Amino acid sequence: MDRCALIVNPSKQGAAALSEAFRSRCARAGMEAMVFETTVEDPGGGMAREALAGGARLVVVGGGDGTVRAAAGVLAGTGTPLAVVPLGTGNLLCRNLGIPIDDQGAALEAAFGGRERSIDVAWASLDGGDERAFVVMAGIGLDATIMANTDDDLKAKAGWLAYVASAARTIAGDSRRIRVDVDGHLVADRRQRGVMVGNCGSIQGNVEVFPGAAVDDGLLDVLAVAPRGVLGWVRVAGTLLSRVRRRAPRDLGHFTGRTVRAAAADPHDVQLDGDHLGLARVLAVRIEDRALTVRVPS
């Protein structure tokens, strides 16, 4: 009998119901169900390794982008498909892949009856350390500071609006000098609020941070954000919300490439797929083409 694994974050609302529905769906499919719960110490990587060692032919993740990221780093390159039932706040990978974010049953059905798609996986290292996978976006500076300052209790109650509240408190901070190299070529070296590196294009509210970006194009999209004063922020916001990317050298640089290196003058906040990882001076990222197989709605 084929085995199917569920990696679920037990702290998320709907986790228990998902586990029950998963076992029922496995029984209908004639598959043996394996259920693993994440922990504070292990957001999903160890569970994904256990699932592979146990012979899982499909790994379903029930959680947010952090749990998906942890499992994706293990499943990349194995050929074992990953499916996602979103239980988190952002659910950005699901938004970019068309996986229902407000219908647990439909997302679970896509896991078993959808089609397979190969997507890119990005690998990031901090200050030359070990690489960690991400599938949505990474950042050094402002966006990572927003993640660090987001109140978990408010996030549980208000969802992604908690990030808006954090941004309002964070946006008035100071810029720092950050050098950005793309494919080994200098593209920006100035005082900036932050640098974002994306594997996907859209975030909440259907805002396209990286217009035209695709999860399977073999490219990283880079935003170097350096607004000058209130008018600078108005220009940045207007550019992002317009879905038309016009180069604004004073405020916003948009670049694409296969490798990115962002080096700050002093340690700065860093995040991967919404997980704040602390402080680092250098964020280095490379893309691995279509390394992860995912199940999406047919």
Side-chain angles (χ1 to χ4, degrees), residues 65-66 69 73 90 92 121-150 163 166-201 203 209-210 213 219-233 235-237 239-240 245 247-288:
D65 288 317
R69 178 181 72 82
L92 296 185
V121 174
W123 294 91
S125 68
L126 310 183
D127 291 339
D130 293 339
E131 289 187 318
R132 314 183 201 196
F134 70 92
V135 289
V136 181
M137 61 184 66
I140 182 169
L142 177 62
D143 67 314
T145 304
I146 290 172
M147 302 300 175
N149 292 342
T150 300
Y163 296 116
S166 177
R169 298 191 302 269
T170 305
I171 202 167
D174 295 329
S175 61
R176 306 186 189 187
R177 192 166 194 90
I178 305 176
R179 173 188 171 117
V180 184
D181 293 89
V182 176
D183 290 342
H185 302 289
L186 174 66
V187 297
D189 187 1
R190 57 183 177 177
R191 294 190 67 85
Q192 306 184 76
R193 287 307 312 281
V195 176
M196 291 183 287
V197 182
N199 187 40
C200 300
I203 59 172
V209 176
F210 307 106
L219 291 173
L220 297 164
D221 282 72
V222 185
L223 277 187
V225 183
R228 297 184 180 181
V230 174
L231 288 180
W233 277 117
R235 285 190 292 267
V236 168
T239 299
L240 294 177
R245 189 54 37 86
R247 178 68 65 84
R250 290 182 303 165
D251 307 308
L252 191 67
H254 184 187
F255 316 96
T256 60
R258 292 184 56 81
T259 64
V260 178
R261 185 179 187 272
D266 48 67
H268 217 339
D269 291 301
V270 177
Q271 65 88 13
L272 299 182
D273 284 355
D275 289 337
H276 181 252
L277 300 184
L279 304 178
R281 283 194 61 252
V282 178
L283 170 66
V285 185
R286 65 177 177 88
I287 196 74
E288 184 178 6

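Counting from 1, the numbers follow the sequence of the chain as shown. Keep in mind it's a predicted model, so treat the numbers as computed, not measured.
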How far does [atom1] of [X] sit from [atom2] of [Y], to the nearest 0.5 angstrom?
X	Y	atom1	atom2	value
Q192	R177	CD	CZ	9.0 Å
L142	H268	CG	NE2	8.0 Å
L126	R132	CG	CZ	5.5 Å
T259	D183	OG1	CG	4.5 Å
R190	R179	CZ	CZ	14.0 Å
M147	L277	CE	CG	11.0 Å

Exercise for the section: Might you work through the side-chain contact (heavy atoms from CB on, under 4.5 Å) test for D269 and L279, ending with a clear yes or no? Expected result: CA-CA 5 Å; D269 291 301; L279 304 178; 3.3 Å; yes
Which heavy atom of [X] sits nearest a heavy atom of [Y], and at what distance?
X	Y	answer
G194	I178	CA-CD1, 4.2 Å
F210	V197	CZ-C, 4.3 Å
V182	T256	CG1-O, 3.5 Å
D65	V136	OD1-CG2, 4.3 Å
G66	D275	CA-OD2, 3.4 Å
P267	R281	N-CG, 3.6 Å

Exercise for the section: Could you tell me whether the side chain of L219 reaches within less than 4.5 Å of the side chain of R258, counting heavy atoms only? Expected result: yes
Handout entry: Close side-chain approach of L252 to V225, heavy-atom, < 4.5 Å
Key = yes
Sidechain-backbone polar pair: [X] side chain, [Y] backbone, donor-acceptor under 3.5 Å:
X	Y	answer
D273	M137	yes
D127	V282	yes
R191	S175	yes

Practice task
May I ask you to check whether over 12 heavy atoms, not counting those of D130, lie within 6.0 Å of atom CG?
Solution key: no
Completion exercise
Which of D221, L223, V260, I140 passes side-chain contact (heavy atoms from CB on, under 4.5 Å) with M196? It is L223
